[in-house]
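The model shown is predicted, which means the values in this text are computed figures rather than measured ones. Naming convention: chains lettered A, B, ... in sequence-line order (proteins, then strands); numbering from 1 in each chain.
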Amino acid sequence: MTMLPRAFFQRDPLTCARELVGCELVWNSCAGLIVETEAYTALGDEAAHTFARPSARAFVAAHQAGAAYVYFNYGMYWLFNVLVKGGPEDGFVLIRALQPTRGLPAMRRRRFSNPAAPGVRPKPPEALCSGPGKLTIALGIGGQHHGADLCVRPSTAFHGPADPAIRRLSDVRIGITKSAHFPWRFLAADNPFISAKPTAAAAGC
DNA sequence: TCTTAGATGTGA
DNA sequence: CACATCTAAGAT
């Protein structure tokens, strides 16, 4: 797999979110297969930050496709997105879960020996990156990466393409109340590293 | 396997 | 004041 070029992110957010499933996220000495994503679109999506936040719209205007959009949620967790821009519609892809492939000891250390999260007991590798808040802890992603260009250094980038044999599902997004019926969550089928099992609404895609 | 409370910061 | 979350604990 090679580093995904900027052109990958200059397309429809749903296409990007779907195709990122099966690609690899490389983050310094750590890496993981992307097994779960969600798409957010700049138009008609009330759950997207761009809907209600002028600061998010300013971010889209000021950055290129492939920029990291990192924000702090629930007073505790950083969430990691990539900016999609320049295609039919702008938006974001939220990276929701990884199947770790490299740097597992470092991930385990950050997740389970973290002074900021005392009392969290070690869990199996399936739980290392099985959620958007968990994977930023495991990889050490934080506010310092907000705005970073992910199309420059292979050591901090997405790599692809995905195995053409991969089977994917689309399902409703998780943890939102607005525009909640859009089937814009994308999953690797039958993968134990995802954050939550597919619902009855899931379908192959 | 499920539901629950509680921890916590920020943009608008 | 809602929020793109997570964990341990307790009920089923």
Side-chain angles (χ1 to χ4, degrees), chain A residues 9 13-14 16-18 20-21 25 32 34-62 67-85 89-98 100 107-147 169-187 192-202:
Chain A
F9 303 100
L14 275 68
C16 291
R18 192 189 84 95
L20 278 172
V21 172
L25 174 62
I34 298 169
V35 296
E36 180 178 346
T37 65
E38 281 178 0
Y40 291 84
T41 66
L43 300 174
D45 182 3
E46 295 188 62
H49 280 186
T50 42
F51 188 83
R53 295 186 173 190
S55 57
R57 293 192 286 270
F59 181 94
V60 174
Y69 180 82
V70 181
Y71 76 98
F72 198 49
N73 202 17
Y74 289 104
M76 292 202 179
Y77 299 103
W78 295 100
L79 272 60
F80 174 63
N81 302 251
V82 57
L83 174 62
V84 173
K85 182 181 173 183
E89 187 175 15
D90 299 342
F92 298 97
V93 177
L94 171 67
I95 309 302
R96 285 195 58 92
L98 304 174
M107 294 193 207
R108 218 175 273 122
R109 214 154 39 234
R110 280 186 288 251
R111 283 269 288 128
F112 306 130
S113 312
N114 184 350
V120 180
R121 296 271 141 252
K123 295 173 193 69
E126 287 77 9
L128 269 180
C129 297
S130 56
K134 298 179 193 176
L135 73 88
T136 56
I137 294 171
L139 296 180
I141 294 175
Q144 71 270 31
H145 301 110
H146 189 51
L169 303 176
S170 69
D171 199 356
V172 290
R173 295 179 293 185
I174 288 184
I176 58 170
T177 54
K178 298 171 297 187
S179 298
H181 57 287
F182 296 157
W184 290 356
R185 176 184 178 222
F186 297 91
L187 300 161
F193 294 82
I194 59 177
S195 71
K197 291 197 294 211
T199 70

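For the pair A/Lys134 and A/Ser195, the minimum side-chain heavy-atom distance is 4.5 Å or more. Using a 4.5 Å cut-off on side-chain heavy atoms (C-beta onward), A/Leu187 and A/Val35 make no contact. Between A/Ile176 and A/Phe182, the closest side-chain pair of non-hydrogen atoms is not below 4.5 Å. In this structure the side chain of A/Tyr69 reaches within 4.5 angstrom of the side chain of A/His49, judged on heavy atoms. Counting only heavy atoms from C-beta outward, the side chains of A/Thr41 and A/Trp184 approach each other to under 4.5 Å.
Side-chain nitrogen and oxygen atoms of A/Lys134 include none within less than 4.0 Å of the OP1 or OP2 phosphate oxygen of C/dA4.
B/dT10 atom P lies 12 Å from atom CZ of A/Arg53, rounded to whole Å. The NE2-P distance, from A/His146 to B/dG11, rounds to 10 Å in whole Å. Going from atom CZ of A/Arg57 over to atom P of B/dG11 covers 15 Å, rounded to whole Å. To the nearest angstrom, C1' of C/dC6 lies 11 Å from CZ of A/Arg96. When the P atom of C/dT5 is taken as reference, atom NE2 of A/His49 falls 10 Å away, rounded to whole Å. Taking atom CG of residue A/Asn73 and atom C1' of nucleotide C/dT5, one finds them 7 Å apart after rounding to whole Å. For the pair A/Glu46 CD and C/dA4 C1', the interatomic distance rounds to 14 Å; values are reported in whole Å. Rounded to an integer number of Å, the gap from CG of A/Leu128 to P of C/dT5 is 19 Å.
Which of C/dA4, C/dA8, B/dA12 sits closest to the side chain of A/Val120 comes down to C/dA8. When the nucleotides C/dT5, C/dT7, C/dC3 are ranked by their closest atom to the side chain of A/Pro132, C/dT5 comes out on top. Here the side chain of A/Ser55 is nearest to one of C/dT5, C/dA8, B/dG11, namely B/dG11.
At the heavy-atom level, A/Phe72 lies under 4.0 Å from the strands shown only through sugar-phosphate atoms. Residue-level contact check: A/Arg185 touches neither bases nor backbone, having no heavy atom under 4.0 Å from any strand. No engagement by A/Arg173 is indicated, since no non-hydrogen atom pair under 4.0 Å with the nucleic acid exists.
When Watson-Crick and G-U wobble pairs are counted only if both distances are under 3.5 Å, C/dA4 pairs with no nucleotide at all. Under the Watson-Crick or G-U wobble criterion, with both distances below 3.5 Å, B/dC2 is paired with C/dG10.
Near-neighbour residues of DNA chain C inside residues 75-82 of chain A, defined by a heavy atom below 4.0 Å, number-ordered: A/Tyr77, A/Leu79, A/Asn81.
The main-chain N or O of A/Glu36 is never found under 3.5 Å from a side-chain atom of A/Arg96 such that the two would form a donor-acceptor pair. Although no hydrogens or angles enter the test, the distance criterion places a donor-acceptor pair under 3.5 Å between the side chain of A/Arg57 and the main chain of A/Thr50.
Residue side chain A/Tyr40 meets the stacking definition with respect to C/dA4: its ring centre sits within less than 5.5 angstrom of the base's six-membered ring centre, and the planes differ by less than 30 degrees.
Nearest-nucleotide positions on DNA chain C place A/Thr177 closer to the 5' end than the other of A/Thr177 and A/Arg111.
A gap of 14 Å separates the P atoms of C/dT12 and B/dA5, to the nearest Å.
Aromatic ring orientation, A/Phe59 versus A/Phe92: tilted (interplanar angle from 30° to 60°).
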